[in-house]
Amino acid sequence: MSSAKGTATQAGIGLGSAIAVAISWSLHQSIIWAIVHGFLGWLYVIWHAFTRPGGLGG
């Protein structure tokens, strides 16, 4: 059971990093910023969603 949970957690972290890199690249076209935002992962994705018009904040 813990092996499946670990795999799901790793997939979630990987998905968050991939989304963060894609968002960062589309906005900045900078490899450096994409790497930084990739490390931040879901934190950057959530921040981006709240600070953009039409995002989670409305």
Starting at [atom1] of [X], measure out to [atom2] of [Y] and round the result to the nearest 0.5 Å.
X	Y	atom1	atom2	result
Y44	T51	OH	OG1	7.5 Å
I46	I19	CD1	CD1	10.0 Å
W33	I23	CH2	CD1	14.5 Å

Using the rule that two of Ile, Leu, Val, Met, Phe, Trp, Tyr join whenever any of their side-chain heavy atoms come within less than 4.5 Å, decide whether [X] and [Y] are in one cluster.
X	Y	result
W25	I35	yes
W42	W47	yes
L15	V45	yes

CG of L27: more than 12 outside heavy atoms within 6.0 angstrom?
->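 Buried by this count: over 12 neighbours within 6.0 Å.
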
A20 and G41: which non-hydrogen atoms are nearest, and at how many Å?
->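 Smallest heavy-atom distance, with atoms named: CB-O, 3.6 Å.
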
Could you pull out the closest heavy-atom pair between S17 and G38, with the gap in Å?
->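 In this case the closest contact between S17 and G38 is OG-O, 3.0 Å.
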
Taking the six-membered ring for Trp and the full ring for Phe, Tyr or His, determine whether the centres of H37 and H48 are under 6.0 Å apart.
->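 No, the ring of H37 stays outside the 6.0 Å limit from the ring of H48, centre to centre.
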
